[in-house]
Amino acid sequence: MSGPPTPKAGGAGAVSVPTNAEAAALFREVADLLDILGEKFKPEAYRRAARSIESLTEDLGKVAGRHELRSIPGVGDAIEEKIRELLETGHIAYRDRLVREVPPGLLEIVRLPGLGPKTARRFWVDLGVEGPAELRAAIEAGRLDAMKGFGPKKIDQIRSALAASATSGVPDRRPIEAVYPVAIRLLHALRDGAPVDQAEIAGSFRRGRETVGDLDLLVTSGAPERVFDVFSGLAEVREIRLRGGTKETVILAGGLQVDLRVVEPEAFGAALQYFTGSKDHNVRLRTLARDRGLKINEYGVFRGEERLAGRTEEDVYASLGLAWIPPELREDQGEIDDASKGALPRLVGPKDLGSDLHLHLDAASSPADVERLLSDARARRYASIAVVVAGVASDGSTFRIPADLHASIERGARGGPRIDRVVEVGPGPIPATLEGERPDFWILRPTGKGAEAAAALPKVDVRLVAHVGSGDGDPGDRLRPWLEVARSRGAAVEIGPGPERLDSRGARLARSLGVPLALPTGLGGGPEDPTLPIALAFARRAGATVNEVANAGGVPPKGGRGARPRRPG
DNA sequence: GCCGTTTTCGGCCCGACTGTTTTCAGTCG
């Protein structure tokens with residue numbers, strides 16, 4: 001061998017460490033490449049590992065540091081080795097070799113809707129096509145016409161898939177809170193306007209995942225054709241992708257794909273279970289069923305021809321000897337074992353909530369807004385709500401709500417629920433303009449000053465750390481100091497949708513450190529407001545029980561630790 | 001390539017839909 005050894009990285013010696021998402025993407029690419037090469041089971045193995053890596057709550061590097069890579073579902077000898085290589089060198093030689101074997105354009109072809117690895121491989125082998133542009137040329141030259149299995153419709157389909165991919169990128173997963181309003185509208189449109197008996201949303205939406213790729217709607221009906229007619233006639237629907245006897249797929253105006261399935265009432269629970277997933281959860285259930293001489297599919301649980309269960313999810317799980325598993329836990333992270341032992345946690349639910357710790361009014365708010373918050377809170381029988389009356393804005397300036405709002409808060413409080421006045425500050429000394437404030441409690445808003453600056457915050461009664469997001473990648477390093485601050489102050493940390501709240505990974509980290517969670521309740525938000533349902537979903541995905549949620553399970557005593565008069569004088 | 005109350009080999013979910021077929025292959029979820 002000649003030549004100097006290639007340095008592992010640039011002169012600085014630093015290898016940029018891939019995020020979990022980047023690692024997962026690399027393994028998915030390996031899977032696609034192997035698919036094109038005609039491998040049989042390896043692709044699924046790499047995809048399973050990619051899914052597991054994606055759902056980790058901490059960095060791969062940390063898991064590797066503890067020598068626990070093998071504990072990740074779907075990671076064995078070979079993939080463990082490749083993860084280590086990736087972490088140390090920034091690349092995977094095996095993947096690089098596959099990339100050299102397969103023309104890059106074929107990956108784009110595989111990802112076109114309606115096309116897959118088999119077809120891409122045939123284009124490559126039979127026609128020498130190595131990418132979308134060449135495929136387009138081959139179609140226009142009529143070279144596909146002679147190929148077996150390619151009629152005019154198929155060729156048309158490929159042609160429009162090529163055109164669509166050229167104009168718009170492949171739609172990615174979207175934040176669940178962005179999908180929530182339209183999902184609720186579609187569900188209600190079906191329940192109110194179509195001949196359906198039961199209707200639910202399944203899929204990752206029902207599991208409360210942070211992001212949603214598409215929507216899965218499930219209904220029972222004696223007239224599927226009518227249901228499909230109503231559904232595809234809705235204003236939100238842009239095009240019908242496919243329509244059969246039991247299933248219709250449409251694309252909404254925003255590009256979101258929605259699958260609607262009609263099933264028999266006898267199979268509704270089984271179908272709901274099946275289409276809620278996750279895939280890995282279902283695979284494990286199926287294995288469990290097989291071990292017991294049973295078969296489970298979207299129509300039910302069967303022993304031979306006999307259907308043992310199917311009408312409700314409870315029946316389906318019970319027939320396998322399992323307690324019903326909340327959708328938010330169905331990720332094959334040990335929940336099936338727990339369900340078989342009756343050891344599932346009793347997760348926090350909407351009826352457990354008894355207060356709100358963090359409501360904002362601003363200069364544009366009116367007394368009517370205050371009244372709306374209060375009437376919502378009364379309807380939900382909340383014992384107290386907390387309104388931010390002053391604080392430090394994100395630009396560093398201080399603010400106070402207008403006097404007329406103070407007056408309406410004063411009036412509203414007489415009719416209940418109790419209204420706590422709170423002030424929101426960053427770490428460090430309290431700004432001079434807020435020094436006179438004597439709120440019922442304080443909210444700490446983490447800023448760029450860093451957690452160590454929190455020590456300079458006077459020993460006021462901080463009951464909530466809010467406006468802190470999980471961010472991308474491993475939330476641990478950035479969050480941990482703030483969670484320590486919350487713990488030392490006896491404060492809760494706010495979770496929920498949006499970039500300024502913790503997602504389920506952040507919630508899990510908080511739980512592991514013993515920091516209570518606070519859920520925003522979306523008071524005054526209306527039926528399509530995702531705030532509360534998504535916050536609950538994140539809390540439940542993190543395994544939170546009622547005792548771990550600050551605004552659930554009874555109301556925090558007024559004044560917290562060391563009660564004090566509400567207002568001076 | 002992973003995995004195991006059918007363990008160290010031999011399996012690996014399965015049904016709907018589409019387009020092309022005359023009994024099926026490929027894709028998708």
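Chain letters run A, B, ... following the sequence lines, proteins first and then strands; every chain starts at 1.
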Under 30°, 30 to 60°, or over 60°: which ring-plane class applies to A/F150 and A/F123, parallel, tilted or perpendicular?
tilted
Could A/R66 and A/E58 be called an ion pair, given the rule that one side-chain N must be under 4.0 Å from one carboxylate O?
yes
I'd like to know if A/E29 and A/R95 make a salt bridge, using a cut-off of under 4.0 Å between side-chain N and carboxylate O.
yes
Heavy atoms within less than 4.0 Å of DNA chain B: which residues of residues 121-142 of chain A have one? Give them sorted by number.
none
Rounded distance in Å between the C1' positions of B/dC9 and B/dC14
24 Å
Output a table of donor-acceptor pairs, distance under 3.5 Å, between side-chain atoms of residues 250-269 of chain A and any protein atom two or more places apart or on a different chain; print 'none' if there are none.
| unit_1 | atom_1 | unit_2 | atom_2 | d |
| --- | --- | --- | --- | --- |
| A/Q257 | NE2 | A/D259 | OD1 | 3.3 |
| A/D259 | OD1 | A/T249 | OG1 | 2.9 |
| A/E266 | OE2 | A/R311 | NH2 | 3.2 |

Rounded P spacing from B/dT21 to B/dA25 in Å:
13 Å
Rounded to whole angstrom units, what separation is found between the CG atom of A/D216 and the P atom of B/dC28?
15 Å
Anti or syn - B/dT21, cut at 90° from 0:
anti
In Watson-Crick or G-U wobble terms, with both distances under 3.5 Å, the base opposite B/dT8 is none
In whole Å, what is the span from the CG atom of A/D35 to the C1' atom of B/dG26?
12 Å
Rounded to whole Å, CG of A/L34 lies from C1' of B/dG1 at a distance of 9 Å
Nearest-Å distance, CD (A/E39) to C1' (B/dG1)?
9 Å
Closest-nucleotide ordering on DNA chain B, the 5'-leading residue of A/M147 and A/Q257:
A/M147
cation_pi(A/K82, A/Y94) dist<6.0 Å, angle<=45:
yes
Could you encode protein contacts along nucleotides 12-20 of chain B as a string, one character per nucleotide from 5' to 3', using B for base contact, S for sugar-phosphate-only contact and - for no contact, with a heavy-atom cut-off of under 4.0 Å?
BBBSSSSSS
Rounded to the nearest Å, what distance is computed from the CD atom of residue A/E81 to the P atom of nucleotide B/dC2?
11 Å
Take A/L69 and A/R84 through the test side-chain contact (heavy atoms from CB on, under 4.5 Å) and record every step on the way to the result.
CA-CA 9 Å; A/L69 286 174; A/R84 292 202 169 281; 3.9 Å; yes
Are A/K153 and A/D156 ion-paired here, with the side-chain N under 4.0 Å from a carboxylate O?
no
A/D332 CG to B/dC3 C1': how many Å, rounded?
12 Å
Taking salt bridge (Lys or Arg N to Asp or Glu O under 4.0 Å) as the criterion, tell me which of A/E200, A/E328, A/E313 meets it with A/R206.
A/E313
Starting at CG of A/D77 and ending at P of B/dG1, how long is that distance when rounded to a whole Å?
10 Å
Same-atom distance (C1') from B/dC17 to B/dC3, integer angstrom:
32 Å
Would you call A/V129 and A/I109 a side-chain contact if the rule is heavy atoms closer than 4.5 Å?
yes
Please report, rounded to the nearest Å, how far the P atom of B/dG11 is from the CG atom of A/D291.
16 Å
Quick one: is B/dT27 close enough that its OP1 or OP2 comes under 4.0 Å of any side-chain N or O from A/T119?
yes
Work out how far the C1' atom of B/dG4 is from that of B/dT8, and round it to whole angstrom.
9 Å
